[in-house]
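First the structure, in the form of structure tokens, and then the observations on it.
Everything numeric in this text was worked out from a predicted model, so none of it was measured. To find a chain, count down the sequence lines: A is the first, B the second, and so on, and within it residues start at 1.
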There are 2 protein chains.
Amino acid sequence: MTATVGDARPAGPGRTRLHEAALRLFADHGVNGTSLQMIADEMGVTKAAVYHHYRTKEELVVGVVTPFLDRVSEVLEHARTRRGRRAQVETVLEGLVDLVVDARRMYVVTAVDPVIAHLHEHHPRMREVGGEMRELLAGPDAEPGRRVAVAFFLSGVIGPLADPTCGDVDDDALRAMVMDVGRQLLLPRRASRG
Amino acid sequence: MTATVGDARPAGPGRTRLHEAALRLFADHGVNGTSLQMIADEMGVTKAAVYHHYRTKEELVVGVVTPFLDRVSEVLEHARTRRGRRAQVETVLEGLVDLVVDARRMYVVTAVDPVIAHLHEHHPRMREVGGEMRELLAGPDAEPGRRVAVAFFLSGVIGPLADPTCGDVDDDALRAMVMDVGRQLLLPRRASRG
DNA sequence: GTCTATACGGAGATAGAC
DNA sequence: GTCTATCTCCGTATAGAC
């Protein structure tokens with residue numbers, strides 16, 4: 001049994017330091033390639049100290065991902081308050097790109113890591129948030145073409161974040177460029193160009 | 001000719017079976033999440049039998065990736081025989097999308113796995129092929145916007161392949177849709193930045 | 001090419017003192 | 001909240017027989 005981590009504690013400073021150290025390493029080596037020993041070393045403590053915060057590695061992973069998941073939830077919630085599909089898509093797009101550029105490393109990890117991919121399938125809240133995002137972006141009963149575009153976009157955003165050839169692009173420029181691509185893919189103009 | 005692979009053995013049937021089994025598991029669990037024991041079980045043999053083909057796990061990984069790398073090389077070579085940047089980009093696009101749809105699992109692995117990402121940085125031939133592809137798609141001394149688009153595209157293609165909400169889309173449709181997106185991003189009509 | 005058997009290290013995890 | 005010490009299991013890898 002994999003236990004639901006209804007761990008709603010507010011995450012003190014120690015925990016936050018742990019999250020940050022773990023995240024750095026996850027982004028570099030993947031979750032499976034990162035041992036608790038590595039994390040402990042990164043923080044300058046021992047494994048046992050890490051185990052004080054989480055009972056298992058899996059719970060640690062969930063703990064690291066959760067704050068990011070929360071922010072995505074907020075974006076979706078905000079989008080739902082808007083009227084009209086186009087406005088909703090635009091809002092998700094903006095919020096997501098913002099979030100993703102701001103938390104580069106995190107999104108790379110959450111989007112790409114095999115371990116987290118499994119979590120996406122099995123962890124109830126991740127399934128839920130992922131589903132809601134796709135639904136908001138694609139719309140109900142979307143045609144294949146639309147679903148492909150959405151999947152393409154969600155996966156595409158990580159490219160510029162991870163690609164070394166884009167390392168020189170600063171956050172603001174990146175945000176603008178990715179938004180541009182996102183609009184092209186998900187908000188095609190009806191008749192003419194605007 | 002598609003260059004030498006460190007290990008230029010012709011890959012008999014046993015080796016090919018091994019590659020396929022390993023690939024299936026890599027795609028599911030990531031390279032680090034796949035033990036040689038799992039691979040052996042998948043093939044119905046023992047670990048020692050696997051070690052008959054490769055001396056280390058890393059060599060196995062390279063062996064699995066190489067055939068795919070060779071096909072990418074062929075695509076690039078073919079593109080270089082064409083005259084004009086647009087024609088070259090179009091050719092790479094077509095070849096790559098074809099290849100990627102045909103070898104879904106493989107591309108997901110090569111594009112996404114943390115272990116292979118490190119290989120991309122350190123393994124000479126992978127560095128080379130990756131660099132050549134970006135150069136062909138982006139052009140020499142490309143501006144940031146173009147580089148972002150290329151990175152976005154290369155990462156975006158894996159989305160529809162991996163996303164469960166696109167599972168019902170058959171290969172031909174997928175190919176067409178992804179090509180469409182690729183042209184939008186990389187071959188803008190009446191290019192303002194070509 | 002495949003097997004059995006085994007070496008060795010490092011992984012995740014626990015106990016209990018400070 | 002952090003430590004030392006320790007457990008167990010499984011990972012990679014090797015030796016040598018069939």
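Residues that satisfy the side chain to side chain contact (heavy atoms under 4.5 Å, CB included) test with A:Ala117, not counting sequence neighbours, are absent from this structure. With sequence neighbours left out, A:Asp163 forms a side chain to side chain contact (heavy atoms under 4.5 Å, CB included) with A:Thr165, A:Cys166, B:Arg134, B:Ala151. By the side chain to side chain contact (heavy atoms under 4.5 Å, CB included) test, B:Glu121 pairs with no residue at all, sequence neighbours left out. Applying the salt bridge (charged side-chain N to carboxylate O under 4.0 Å, His left out) test to A:Arg105 and every residue at least two apart in sequence or in another chain returns nothing. For A:Glu94, the side chain to side chain contact (heavy atoms under 4.5 Å, CB included) test picks out A:Glu90, A:Met179, A:Arg183, with sequence neighbours left out.
Per the geometry, CG belonging to B:Asp41 stands 12 Å off P belonging to D:dC10, to the nearest Å.
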Open item on the list: How would you summarise protein contacts on nucleotides 2-15 of chain C per nucleotide, using B for base, S for sugar-phosphate only and - for none, with heavy-atom distances below 4.0 Å?
Closed with: BBB------SBBBB
